[in-house]
Amino acid sequence: MAASYNPSIVETPIYEWWEKNNFFSPGNPQNEPFTIIMPPPNLTGALHLGHALTVSIEDALTRWHRMLGHDTLWLPGVDHAAIAVNALIEKQLREEGKSRHDVGREAFLDRTWAFVEANRSRISTQHKRLGASADWQREAFTADAERELSVRTTFKNLYDDGLIFRAERLINWCIGCRSAISDIEVEYDDEDGSFWYIKYLLDDESGESVTVATTRPETIPADVAVAVNPNDERNAHLIGKKCVVPTTNRIIPIIGDDAIDIELGSGALKVTPAHDQIDFDIGERHGLEIINILNPDGTLNELAGEYAGLSLDATRQLIVQDMENLGLIERADPYTHAVGHCQRCSTIVEPLVSEQWWVDAKHLAKPAIQAVTSNQINFVPSRFQKTYLRWMENIRDWCISRQIWWGHRIPVWYCADCGHLTVSITDRDSCESCDGVNINQDEDTLDTWFSSGLWPHSTLGWPKELHEDLKRFYPTQVLETGYDIIFFWVARMIMLSIYNMDGVPPFDTVYLHGLVRGADGKKMSKSTGNIVDPLEAIETYGCDGLRYALISGTSPGNDQKLTDDRLESGRNFANKLWNAGRFVISLREQHKDKITTAYSEPALEDVWISSRLAELTEEVDRLLTNYELSEALRQIRDFFWDDFADWYLEIAKIRIRNEDYTPLTVLTETYEMTLRLVHPFMPFISEEIWQRLQKSIVGSNEQQALIVASYPNSQEINIKKEPDVLDQFDAIQEFIRSIRNIRSENKVDTARKIECFIVTSEYTNEVRNLSDAIKSMTRIDPLHIVSEVNQAPTDQVVSQVTNGGTVIVPLGGLFDLEVERKRLNEDLQIIRQEIERQNQKLDNREFREKAPEPVVQKELDKLEAAKAKAVSISARLDELITD
RNA sequence: GGGUGAUUAGCUCAGUUGGUUAGAGCGCUUGCUCGACACGCAAGAGGUCGUUGGUUCGAAUCCAAUAUCGCCCA
């Protein structure tokens, strides 16, 4: 084995071997299932660190459950990302000087499918590189034939139930995508603008005017009324009169409406129902006409009169200028207002009235709210339950039609003869009402989230209700994703799954992770240049190193910064595992014939490491059950590095050097179990070493698999847990640390062996049993074990008092009386402060009465220990003074 | 404006039923070729847990204000 771990030559062959052996598919039909459906990444672009985090978490949960023996399925897939891919292909076309309309729908889709095929395989290759133990045989695609069937079936059922309908309403029109988008696809940014106060002249001889305040003068050509509050003394008398729209000179009514904010602006609002939600509502209440002045490309249409053909920006400048020339502008105040931008293409979104397909979200939300309030679905962390409920309780109808070509085409056919509308799961060539063949399918496609909303059951075979997977794996256990898509995805899945699956929610637990940010704390993006490519990180640090870094940096729902430091410590941990394994295996090979499996009389350290391991397995089980992955990993690391490698292994070395080969058994068992514990987090290195270790244990060349080995359980540890041993070993560690500290503080040459006295009555046996280890680890010789301080010399010695006794090291010529006196005085100071604190605590009558007994006892013990320490230190000080 | 999160060592973060001497990694100081590992070993230094007030025998932890930064929604 190489002296350092080289992940790049280990990882790929192991993954291929796992896959070849079909370990990723569920294979324990007799056991209870555990299912995670993978959030399908978008087809566009490469996988980023967010995906790497998703994989790290979901794979850890999957591997853990697989090792627990569950019938485990992690089902992968890809999302067709309708708008994003459509935009990407359109961009390609634009670069060739063409539009999608130039090439036509069919050629456009051919081209898109070619892109899709190329990218799908790249995404699964990258997932495999991240070590995802997902069942690739079941890989799904939101736009494949099975999923199309589920989409159309859902559409048809919702339509038949009256929950999908077509209506003309105000929608968000993305000028870049040339499509409607849903409310949550609009992102608002504050932008500086102006609040213009504009005079609308009354349509009479009075010469009077009403002053309207607006941030959007460019929509003036679409005005159909001016509204004032009937309670507004300034304006109420105008109600019922008419006024003239500036520049276009149409005559419009002045109406009264309670909803008008008297305080805002001039108190008079121009009403533009086609281009503003509030105005649209006012228009509905008053039966106003709707004038839409926008073309799909964001320019103004012929209804805008002289401004037709101009952009909104250009119109604003021009119309303001025109009105100024007419003396209609009273003033313009600086004003900050929220401007909507498209989530996908960042261009400005315009409110606009249009006929679209809608889902009655309020109706679907009811049982989806119920599923969460009744705790059928739980959020981790729980605070996101509130986020979810708040949104669901205020949900608005969901606009699902998109004027783009890439996506699920709306399964609706319009009859030119009778006007009937046929909604069908299968393609139609005749009208279901009049049988006429003069029908056309709806040109629009569905919101990409409509198909991903079906994901938990569409991937398992729905609507084929007898599908084995659906029966076996629905509902799933965990849905793991980023908190940024609770509304887009999680909420829709809950609504649509409950609707399609007879009221059964799609999963029990929603685990939400945070964003992975750059080392600078900013969101990773190309423009800030702080992107870490997961594949590059894998090249440098290994897949396990990356996964370690991601898992150890994450806690549910919180963002994390990924730094090189953390990646390095992941790589270092992998290397540490590797080297310990290398050492254990080489020891076994060297002493093959001396290994026994009997440990009738385990040594203190054997019992200690076994007890610690038992504690660890119980703790890891508890933590993983509570989704505290980073804490579980941290504890495994600490156990392995501190307890196993730095203490147990070091002592074992000494024993083996002294021809005591019994530690080899515990050494191997502990190390082997550690590999199993760490496997869900660092699958490659653990599998690699585990297999080598198995060969050395079993002695056969048959390749075994850690991935399907059992997850450690404290019951399987041969040496049972003994709580007393933890204290005993702790005392030994303290003695060793004290001696090392004395050596270091007094600058005793590393190589030089010195004499030492350990004064203890409580731990005499333990010190005696471990004396070889103590001597070797501290380079002392001889070691005297005595029960009284007066059995040790007092001249030119340095001493340190521990909880288990006192360490006394004669230093001879290296001894510095002043240094030692100073140090002892400092120690005494500290211990006296502690005694003070303890006394204060214990003198408090209320504490002694109200605190639980064990807590009081613990404080009493601490006081006693501190007092004993103080006595020893003062005694030693007295000796120094009398010297 | 409403909601929500963060604020703990120089940096990045743990601290999940209130009871430790407040922990880790990185960085820092000192010393190390004792049978794996310098991606390592050993010994250290470093924190009045944002501020104020409250609840409690006891608060980093619970409550209320407040400040700063962030996110979501309107």
Side-chain angles (χ1 to χ4, degrees), chain A residues 1-5 183-184 187-188 338 380-384 386-387 390-391 394 483-484 486-487 514-515 517 519 521-523 541-542 545 548-549 552-587 590 622-623 626-628 630-631 634-635 637-638 641-642 645-646 649-650 653-654 656-657 736-751 753 776-779 830-831 833-834 837-838 841-852 854-856 858-859 862 866:
Chain A
M1 285 171 81
S4 65
Y5 175 57
D183 294 336
I184 52 176
E187 291 173 347
Y188 292 90
V380 177
S382 58
R383 65 183 138 92
F384 285 110
K386 262 204 268 181
T387 312
R390 200 183 309 281
W391 188 72
N394 298 298
Y483 64 73
D484 51 335
I486 295 178
F487 307 143
L515 255 55
R517 297 173 178 279
K522 294 195 180 119
K523 197 167 173 174
Y541 302 102
Y548 176 95
S552 66
T554 190
S555 54
N558 293 327
D559 294 352
Q560 67 168 312
K561 286 172 208 166
L562 187 71
T563 57
D564 288 346
D565 279 356
R566 209 188 280 284
L567 287 161
E568 260 175 49
S569 80
R571 177 201 58 186
N572 295 354
F573 182 45
N575 192 241
K576 187 76 181 176
L577 282 165
W578 175 262
N579 271 291
R582 193 157 70 98
F583 189 49
V584 170
I585 291 167
S586 80
L587 285 174
Q590 272 176 63
R622 185 185 71 79
L623 291 165
N626 293 329
Y627 298 95
E628 293 178 56
S630 67
E631 182 62 13
R634 209 208 85 216
Q635 295 213 13
R637 180 201 183 276
D638 287 356
W641 205 310
D642 301 344
D646 287 344
L649 187 51
E650 289 303 320
K653 265 187 206 172
I654 296 155
I656 292 165
R657 198 188 307 144
I736 291 172
R737 286 200 191 99
S738 299
I739 298 167
R740 284 169 168 174
N741 177 256
I742 289 169
R743 292 188 67 115
S744 172
E745 294 280 297
N746 294 283
K747 305 208 183 331
V748 180
D749 190 65
T750 320
K753 294 220 170 180
S776 169
M777 292 173 91
T778 54
R779 297 195 70 74
I830 289 165
I831 205 76
Q833 278 167 10
E834 198 191 325
R837 263 202 315 273
Q838 293 305 113
K841 225 180 240 183
L842 287 159
D843 286 349
N844 186 334
R845 189 152 30 93
E846 282 187 293
F847 172 71
R848 303 194 73 140
E849 282 167 7
K850 293 187 181 170
V855 172
V856 176
K858 200 170 159 193
E859 298 302 327
K862 271 198 252 171

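Just so we're on the same page: letters track the sequence lines, and every chain starts at 1.
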So does A:Asn575 get a side-chain nitrogen or oxygen closer than 4.0 Å to the phosphate oxygens (OP1/OP2) of B:G40? no
Mind checking A:Arg779 for me? I need base, sugar-phosphate or nothing, with any heavy atom below 4.0 Å counting as a touch. base
Using Watson-Crick pairs (N1 to N3, plus N6-O4 or O6-N4) and G-U wobble pairs, both distances under 3.5 Å, which stems of at least 3 pairs involve RNA chain B? B:1-7 with B:67-73, B:10-13 with B:23-26, B:28-32 with B:40-44, B:50-54 with B:62-66
B:U61 and B:A22, which share atom name P, separated by this distance in whole Å: 15 Å
Of the candidates B:G19, B:U12, B:A14, the side chain of A:Arg566 sits closest to B:U12
A:Gln590 has a side chain; which of B:G70, B:G35, B:C37 sits nearest to it? B:G35
Selected nucleotide, minimal atom distance to A:Arg571 side chain, candidates B:C39, B:C71, B:A14: B:C39
Which part of the nucleic acid, if any, lies within reach of A:Pro381 when heavy atoms closer than 4.0 Å are counted: base, sugar-phosphate only, or nothing? nothing
Sugar-phosphate only, base, or nothing, as touched by A:Glu628 at under 4.0 Å among non-hydrogen atoms: base
Among B:A42, B:C39, B:G25, which nucleotide sits nearest the side chain of A:Ser569? B:G25
Contact class for A:Arg383 vs. all strands (heavy atom < 4.0 Å): base, sugar-phosphate, or nothing? sugar-phosphate
Candidates B:A36, B:G40, B:C13 - which lies nearest the side chain of A:Lys561: B:C13
Can a side chain N or O of A:Lys653 be found less than 4.0 Å away from OP1 or OP2 on B:C37? no
Report yes if at least one side-chain N or O of A:Lys386 is closer than 4.0 Å to OP1 or OP2 of B:U4; otherwise report no. yes
Just to verify, which of A:Arg837, A:Lys862, A:Glu859 counts as forming a side chain to side chain contact (heavy atoms under 4.5 Å, CB included) with A:Leu842? A:Glu859
Side chain of A:Ala851 only, heavy atoms from C-beta on: which candidate in B:G19, B:G25, B:G35 is closest? B:G19
Distances under 3.5 Å between protein N/O atoms and the N/O atoms of nucleotides 30-33 of chain B, please, pair by pair.
none

Using only side-chain N and O atoms of A:Asn844, determine if any of them is under 4.0 Å from OP1 or OP2 of B:G58. no
Please determine if a side-chain N or O atom of A:Trp641 lies less than 4.0 Å away from the OP1 or OP2 oxygen of B:A24. no
How is A:Arg848 classified with respect to the nucleic acid when contacts are heavy atoms under 4.0 Å: base, sugar-phosphate, or nothing? nothing
To the side chain of A:Lys858, which of B:G19, B:A42, B:A36 is closest? B:G19
